[in-house]
Every structure is written in structure tokens, then in C-alpha cells.
Asker: 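Below is the structure I would like to discuss, written out as C-alpha cells.
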Protein chains: 2
Amino acid sequence: MAKSGVASRPRGATSTGAATRQALVEAAIETLKSEGFAGTSARAIATRAGCNQALVFYHFGSVVDLLLAALDQVGTRRMQHYRAALGEVTTPAGLAAVAADVFREDMDTGDVAVLVEMIAGSSSTPGLGAEVAARIAPWREFAQSALEAGLSGSPLGSVLPLGEFSHAAVALYLGLEMLSHLDGDRSRATALFDRALQVASLLDAFTTSPPVPAAKEHP
Amino acid sequence: MAKSGVASRPRGATSTGAATRQALVEAAIETLKSEGFAGTSARAIATRAGCNQALVFYHFGSVVDLLLAALDQVGTRRMQHYRAALGEVTTPAGLAAVAADVFREDMDTGDVAVLVEMIAGSSSTPGLGAEVAARIAPWREFAQSALEAGLSGSPLGSVLPLGEFSHAAVALYLGLEMLSHLDGDRSRATALFDRALQVASLLDAFTTSPPVPAAKEHP
DNA sequence: GTCTATACTTGGATAGAC
DNA sequence: GTCTATCCAAGTATAGAC
């Protein structure tokens, strides 16, 4: 009911405040990445957003609610990107290649660190755990559909227990991010994805891939 | 220097203070498990230990130093237990059975949650990351020797890149704990270990190996 | 060694001026 | 919508009595 239409805002004013709202979300994300859950206070966020601490409570009511909004943002952002990257993946090697790519990006952006910090931080705030869990669930579903897509051509697809594998995939992803972030060394994780690509390519070779209309990739 | 010998303590006195020191470490562990890194303050720990908040600083100098002592304690404790459980494992199925057992225990005790909280909490305190990383390293080494032991009889042992796999194993372990702890649902993780046991048993069957003593217990 | 008391800092949250 | 000012709770850490 508030937040209503058209917003006849005065000349030159800094928009409707939606801009600062967005700035706060973005600042919350960055603060979670670099300072962790324990270091992400209303003051720290506001400073990074270049605005006043009180605005956190005006726009979001509380710090944790802002943090959840940040988690939502990073979630939908990454999910869109993952879906696009998954694109026309139909083979194990294709899946592995995309996974390696995407993981490398996630190391660079640090987006997954936001997830990790929110999960670990959940223990300290009553009720937060359930909220975070609800926002993690889609990732498991996505992982499963990715596995299905990548193994659709392979006999493995109908044999492997994809429900359990998808859970493992999410867990592994989070664990790798956590360890890489800890010592700042992503080489171990990338080496692992390289290896996965090798194995997947081997799988491809064993699978008679009949149609596969020579992809529409462009160089 | 300090902490010197023999401590001719008065009759009936509560030992030399080593007892409260230990109580503080134990309380720190429990607080990390239930309140998370962000919720683990000197006051919270002292309350749980049944002593005064000032003793944290008397015995450990700072909260983070106590937390690191707690991490050490949980680390050596679990490492001892893991080594014992690994015992005479020489086959994939044996390894999988032990791993499932041990993970189930870790879910119950929550010891791995301490690791996870410390890793995630590292971001918020300068210098803590390196300390924690140093204490994680032994786990990767242990995982590797466990894999070597479990695959010693199998041709897989000489083919698989154990260095990379051990890193993945640690990451997976941490990730599974994190997710299980989040929604309080350990069924997904245990289902996964059950599945691993099936696969490992299959591997055993393909490997002509001498009579092997069966796993110690089964449901 | 352990406690009480206290100094100082930071954080969450609200009221009110602009 | 945004800022200043402020209240209050909680945290780290130290000093000093017992």
C-alpha cells in the first residue's frame, strides 16, 4: 500500500529512495563477503553504502531482514546466470565444463561466500536458520536438473540416484568455496574441476552420441 | 615461565585452575555449536562454564585465543578417534562403512560444526584465517591417508588423484555438516553415505581380495 | 585464581528535525 | 527519505579486592 505509484518526485531529488535501498543491499553483500556474518553490522553496511545507519532500519526494519534481502538478491542473480550457462548442456563433459567455468566465476565474485556466511551465521539468530534453509532449497533442485541435463544422453542418468547426488553437489560446492576462501588458494578447487572435466570427457567417449547437431557455438 | 610446578594448593581448593581452564574450553566448544561464531562471546562462554567472564581473559588473554584452543581440542579429539576408527581398513567398502559411522557420530556430537563456525567466522577477525587454516591442514592429510588405506588393495588407488580427492572429501564433509546443521535434517547426508557404501561394496566385488573381516556393526 | 566493579567501545533501534 | 542525536543493551578488556 505504501511504496505507491508514479512518485512525482521533486526536481533533482535522488529518486524515490529505491536507489539507496538497492545500495544497502549491495553494500550488505559486499560486507558479508569481506567481513563475514559476525562483522556485518548496520553501521558497517551503511558506511559502505555511503549513507546513514538509520536507513537500514527505515528500509528493512532490522539488520537480519536486510541480510535476507541480500541473500535473495545474490540468489536470484546467480540462479539466472547458472540457468543461462547451463543452456544446452546435454553431455557430462559439457556439464563439467560449465561447472568449472561457473565455479571459477563464483570464486572471483565471492557470491557463494554470502551463502556460506549466512548459513554459518544462522546459528546465532533464532529463526534465521529456517529462512536461510528456504532460500537454499532451490539450489538443490537446480543442481538436480543440471545433473539430469548433463546425463540425459548417458545411461548413467537413469542409474545414479540424482536426488542424493544433487545434495552432495551443493554441499561440495559450499565446502570448496569455504576452504578456498579460508586460505585464499583456489588452485586446489580448480584442479579438482579440471579433473572432473577429464573424467566426464571419458564418459562422453563411451556414450554413443547419435544426433547432436554440431552445436550452434560461435568462436 | 609461569604456570610453574607442583602448585601446593590448599586443602579442598578447586585444583590449580586448570580445571576451570578446561571448563572454559569445553564451554567454548558447546557455545560455538549452539550459538555459532557470532553468538559466542566471553560472557556466553563463562556463563555456560559456570564461572566469571573475567576468567576468559585471565586464562586465554582474549576470546579468539580461547576459541582457537577450543578448535585445537576438538581437532585432536576427533583426529584420535578417526585414526582409531580407520584401524585396519584396507578396502573401499571398509572405508565407506567407517566414514558413514564416523559422520553419523559427528552429526550427533556436532564437533564438525565447530570447524565450520570457525572457518566462516575467520572473515571477521584479522589474522584468524591463517590460524584456522593451519589447523585444517592436518585433516586433508588425514583424508588422503584414509583414501590410500581404503584403496590400497584396489587398482583405483594408483589411478585416482588422491591429493585432489582428499581436498574434495574434506570440502564435502564440511558442506554436508553445514547443510544438515542448517535444517536439522541429517537424512539426506546419511542416505548419501549409505549409497557410497553400496558403490564401495560393488568395487570390493570387482577386486579379487583375500578374506576381509566384515565391518564392525550394522543396523 | 576467582570475583566485583568499572572503563570503554560497538551495535541495534527509535525520535524528531529537516 | 535522510540525517542527527540519543537510548540502551551487550561486548572486550582491565584493575583491584578477596
Side-chain angles (χ1 to χ4, degrees), chain A residues 2-25 27-28 31-32 35-70 121 124-128, chain B residues 1-25 27-28 31-32 35-69 121 124-128:
Chain A
K3 197 65 58 181
S4 63
V6 204
S8 61
R9 64 166 181 271
R11 65 255 170 250
T14 55
S15 81
T16 73
T20 57
R21 199 185 152 89
Q22 177 57 21
L24 281 171
V25 171
T31 309
L32 276 172
E35 313 296 330
F37 182 90
T40 300
S41 64
R43 287 176 154 90
I45 298 169
T47 299
R48 195 183 289 252
C51 71
N52 192 277
Q53 167 253 349
L55 289 181
V56 168
F57 303 96
Y58 174 79
H59 283 290
F60 297 92
S62 72
V63 176
V64 287
D65 283 342
L66 169 52
L67 262 37
L68 285 172
S124 65
T125 309
L128 183 54
Chain B
M1 316 278 203
K3 200 58 67 179
S4 64
V6 204
S8 62
R9 65 166 179 272
R11 65 249 172 257
T14 56
S15 80
T16 73
T20 57
R21 198 186 152 89
Q22 177 57 21
L24 281 171
V25 170
T31 310
L32 276 172
E35 312 296 329
F37 182 89
T40 299
S41 64
R43 285 177 155 90
I45 297 170
T47 299
R48 194 182 290 252
C51 72
N52 192 277
Q53 166 255 347
L55 289 181
V56 168
F57 304 97
Y58 174 78
H59 283 290
F60 297 92
S62 74
V63 176
V64 286
D65 283 344
L66 168 53
L67 262 37
L68 286 173
S124 64
T125 308
L128 183 54

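Chain identifiers are assigned alphabetically (A, B, ...) following the order of the sequence lines, protein sequences preceding nucleic acid strands; residue numbering begins at 1 within each chain.
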Asker: Within this structure, what is the CZ-to-C1' distance between A:Phe57 and C:dG12, rounded to whole angstrom?
Answerer: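 Computing the A:Phe57:CZ to C:dG12:C1' distance gives 5 Å.
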Asker: B:Ser41 has a side chain; which of D:dG11, D:dT2, C:dG11 sits nearest to it?
Answerer: D:dG11
Asker: Using atom CZ of A:Phe60 as one end and atom P of C:dT14 as the other, report the distance to the nearest whole Å.
Answerer: 16 Å
Asker: Calculate the interatomic distance between B:Ile45 atom CD1 and D:dA10 atom P; express it in whole Å.
Answerer: 17 Å
Asker: Starting at atom CD of B:Gln53, determine the distance to atom C1' of C:dA5, rounded to an integer number of angstrom.
Answerer: 11 Å
Asker: Expressed as a whole number of angstroms, how long is the span from B:Asp65:CG to D:dA13:P?
Answerer: 9 Å
Asker: With rounding to the nearest 0.5 Å, note down the distance linking NE2 in B:His59 to OG1 in B:Thr20.
Answerer: 3.5 Å
Asker: Under 6.0 Å from the ring centre and within 45 degrees of the ring axis: does the NZ or CZ of B:Arg21 meet both conditions for the six-membered ring of B:Phe60?
Answerer: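 Judged by the rule (NZ or CZ under 6.0 Å from the ring centre, within 45° of its axis), B:Arg21 counts as positioned above B:Phe60.
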Asker: Can you tell me how far the CG atom of B:Leu66 sits from the OG atom of B:Ser62, to the nearest 0.5 Å?
Answerer: 8.5 Å
Asker: Do the non-hydrogen side-chain atoms of B:Phe37 and B:Leu128 ever get within less than 4.5 Å of each other?
Answerer: yes
Asker: Write down the distance between OH (A:Tyr58) and P (C:dT14), rounded to a whole number of angstrom.
Answerer: 14 Å
Asker: Classify B:Val56 by what it touches in the nucleic acid, base, sugar-phosphate, or nothing, heavy-atom distance under 4.0 Å.
Answerer: nothing
Asker: Considering just the side-chain nitrogens and oxygens of B:Thr20, establish if one lies under 4.0 Å of OP1 or OP2 belonging to C:dG1.
Answerer: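 Answer is no, no contact under 4.0 Å.
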Asker: Using atom CG of B:Asn52 as one end and atom C1' of D:dT14 as the other, report the distance to the nearest whole Å.
Answerer: 13 Å
Asker: In whole angstrom, give the distance that lies between atom CZ of A:Arg43 and atom P of D:dC7.
Answerer: 14 Å
Asker: Take the C1' atoms of the five end pairs on each side of the helix from C:dG1-D:dC18 to C:dC18-D:dG1, derive the two axes, and give their angle rounded to 10 degrees.
Answerer: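 Axis angle across the helix from C:dG1-D:dC18 to C:dC18-D:dG1, nearest 10°: 0°.
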Asker: What's B:Ala42 touching, base or sugar-phosphate or nothing? Going by heavy atoms closer than 4.0 Å.
Answerer: sugar-phosphate
Asker: Between B:Ala54 and B:Gly39, which is nearer to the 5' end of DNA chain D once each is assigned its nearest nucleotide?
Answerer: B:Gly39
Asker: Under 4.5 Å between any side-chain heavy atoms of B:Leu67 and B:Ile45, yes or no?
Answerer: yes
